[in-house]
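Working notes, structure below.
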Amino acid sequence: MKKLCLKVTAVEQLSPLVKRFRFEDPTGATLPVFSGGAHLTVEMPEGDTIRRNSYSLISDPYDGSAYEIAVRREDRGRGGSLYMHTKVSEGDDITVSLPSNLFQLDLRARKHVLIGGGIGITPFLSQLRQLDMEQKPYELHYAARSREEAAGIKLLPQAAHIHVHISEEGSRMDLGAILDGQPLGTHVYTCGPDGLITAVADQTARLGWPKAAVHSEAFTAPPPGEPFDVVVKSSGKTVHVKADQSLLEALEAAKVDIDYSCRGGACGRCHTKVTACDGRILHNDHWLSDDERAAQQDIMPCMSRFKGTRLELDL
Amino acid sequence: MTMQFNDETFRGDYTYHNSPEAIRRFPFPFDQDSYMYSVNIEQHPGGPKDTPFEKMFDVDEHYVAEMKDREITLAEDPLRCQSLPHMELAGWDLLELIMVSKARDYPDLFTLHRDGNDWHWINKPLGIEKKFTFLDATTLPCGPMEYITRQTQGDFALLHERDNNLWMDAGMITSQADWSLDFDVGMNFFEWHAPVPKARKMGVFDKALKFLLAVGQGQHYRRLNWTMTVNPRLDTSPENYHKWGPEKRTITPENVGQKQFLRVELQTFFRLPRSNALAFPIRCYLMNLEDIASNPKWGRRLHRVLRDIDPALAEYKGFAVNQKIIVDYLSQFDDGAPTSPGIFPDA
């Protein structure tokens, strides 16, 4: 996979939990442009493991001078966001992937409605710049619990079609009011907690929206969990997965050859066959179907974990 | 090195011809003595020097004549070039990819000066000089995809990604192996491949689609495909079947060496940055059996491949009617000696 070795040129605390990072090419070279909604995978080397998390790009997609991301500190995560918050500062080197997009705008839409909850505002920050350049009609709704937590406010332009909903201030987002009466040909995009994505899906179904007009960004960082072991079929080798490591990260550390892209259970690239399973796979991805999950013959190593006595992978 | 461009035609008197250099660098598609579908994908560009795999967009001695032939086809049938409204951005992406690549790879032939969005493009072989504003379609005589593909060999399909599928929502298709953009435009990956025999059952398309959806920015790939065409005709479209279909019946044991062409498609895949669309260029190379057999390895191998091919594929590729004449002709070049692995000629 092609990688970019960049320099951290700015770190800004946007809210108590969210920091903004700016990356530039050390020689001043232009970075590849991208499309609204794209993300980067950031490498975080620590000890013998390289942790990799994907973050939405929040900068202008057509501006090749820098890439920017915003990271929310998750104190109960695997440690990726903590690493970004505590170990990364201005002047550091950082290795990232090229931009990749699993949450692109459907440019067929007559109008775009963007709904972001909490840190889920991030993919929309690049999308709205693309929509401005394309001169497409859109409205954006940003929901947060409190103004203090609403890191996105500092990054959003002030405009009549940008709506901020702060539930603590009594202006809770009313999805029914937002979605009812939108013109035919409108597409809606949601990014945020599962509850918000489900609520938008339910509301649009009630209102008779076509499914193809309802989009959501589902991927998140892999969750930590109890440690477990897996067996690699080709070599017979046992690989130990630590509590704060994903299965994919453990396989990579053990030099097992495995493909990946999003590292968030959305792209399907690391899809692996299970050749023996005595126990229960804890599926955390958005890629496998319900039937595939139940059959326990497939696993997405970037997100999913295992509880049981033996798990053998076709690698 | 200054490239010489052939004065030649792809219709009527069919004066198309390959120089010894073009024969040497021909992308022969068979890496072994038999053929079945495979997802035969490699990284692109990259390959031995002076092969069509070396550069992003290969320019060869047929460039100027191919562009003239495209102009004739488009004048007769403008629907060979279509772009659904949401695909204009992908057209700009493609224009940028081609102009930047060609100016870098062929500085003697193409020049691109960029100052922000003010671009100045010089195409010496076609005598074009144009100043325009990038991303502003009003500054070009036609849409960006049409503009650049009137200056680039090969057909181009631009695929829009949505709902975990790819949709053929734009294209410039004038040198196709019997398929129609006007029929396929707006179809998804499985729909436009529906006529291909056997492959769906073999799971080829599921694997291919999964691969294509995962193609990222900066990762370019290629594969070779092939068919057979009587006479060096680029426009073997369904729309013009009445013109070229009957020519299949003109093959005789005496003329098959000159009139029967192996048609090779160098297909490449590029993820486009601004639109997140996939560009799918399909570059066509034509060489007659006589020229192929001038290379002993290729002569032996082509004989074995076409003799032993699955009858359904001979039918689909449109040469079943002449298969016996072709195989009889090629048999004179096959002494039964073993062939070396890979597609390239023996040194």
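Hydrogens, waters and symmetry mates play no part in the numbers below; they use all other heavy atoms, side chains included. Residue numbers begin at 1 in each chain, while the letters A, B, ... track the order of the sequences.
- In this structure, B:Arg274 fails the cation-pi test against A:Phe34, since its NZ or CZ atom is not both closer than 6.0 Å to the six-membered ring centre and inside 45 degrees of the ring normal.
- Between the B:Gln217 side chain and the A:Val33 main chain, a donor and an acceptor come within less than 3.5 Å of each other.
- Annotation: side chain of B:Asn276 is not in contact with side chain of A:Phe103 (no heavy-atom distance under 4.5 Å).
- B:Glu88 does not touch chain A: none of its heavy atoms, backbone or side chain, sits under 4.5 Å away.
- Heavy-atom distances place both the backbone and the side chain of A:Pro99 under 4.5 Å from chain B.
- Using a 4.5 Å cut-off between heavy atoms, B:Leu272 makes no contact with chain A at all.
- Residues A:Gln104 and B:Arg162 form no side-chain contact, since every pair of their non-hydrogen atoms from C-beta on lies 4.5 Å or further apart.
- Within 6.0 Å of atom CZ in B:Phe190, more than 12 heavy atoms from other residues, nucleotides or ligands are found, so the atom counts as buried in its surroundings.
- Interatomic distance, A:Leu105 CG to B:Ser275 OG, rounded to the nearest 0.5 Å: 11.5 Å.
- Residue A:Asp257 places its CG atom among 12 or fewer non-hydrogen atoms of other residues, nucleotides or ligands, all under 6.0 Å distant.
- Atoms NE2 and CG, on A:His215 and B:Asp163 in that order, are 7.5 Å from each other to the nearest 0.5 Å.
- Environment of CZ in A:Arg110: sparse, with no more than 12 heavy atoms of neighbouring residues, nucleotides or ligands closer than 6.0 Å.
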**Request:** Kindly indicate, with the supporting measurements, whether the criterion side chain to side chain contact (heavy atoms under 4.5 Å, CB included) is fulfilled by A:Leu98 and B:Gln219.
**Result:** CA-CA 10 Å; A:Leu98 279 173; B:Gln219 310 168 303; 6.0 Å; no

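- Counting heavy atoms of neighbouring residues, nucleotides and ligands inside a 6.0 Å radius, atom NZ of B:Lys131 does not exceed 12 of them.
- Contacts of B:Asn164 with chain A are made by side-chain atoms alone, with heavy-atom separations under 4.5 Å and no backbone atom involved.
- Counting non-hydrogen atoms of other residues, nucleotides and ligands closer than 6.0 Å to CD of B:Glu191 gives a total above 12.
- Taken to the nearest 0.5 Å, the CG atom of B:Leu135 stands 8.5 Å off from the CE atom of A:Met133.
- At least one side-chain heavy atom of A:Asp106 sits under 4.5 Å from a side-chain heavy atom of B:His160.
- Annotation: the span from B:Leu213 atom CG to A:Ser261 atom OG amounts to 11.5 Å, rounded to 0.5 Å.
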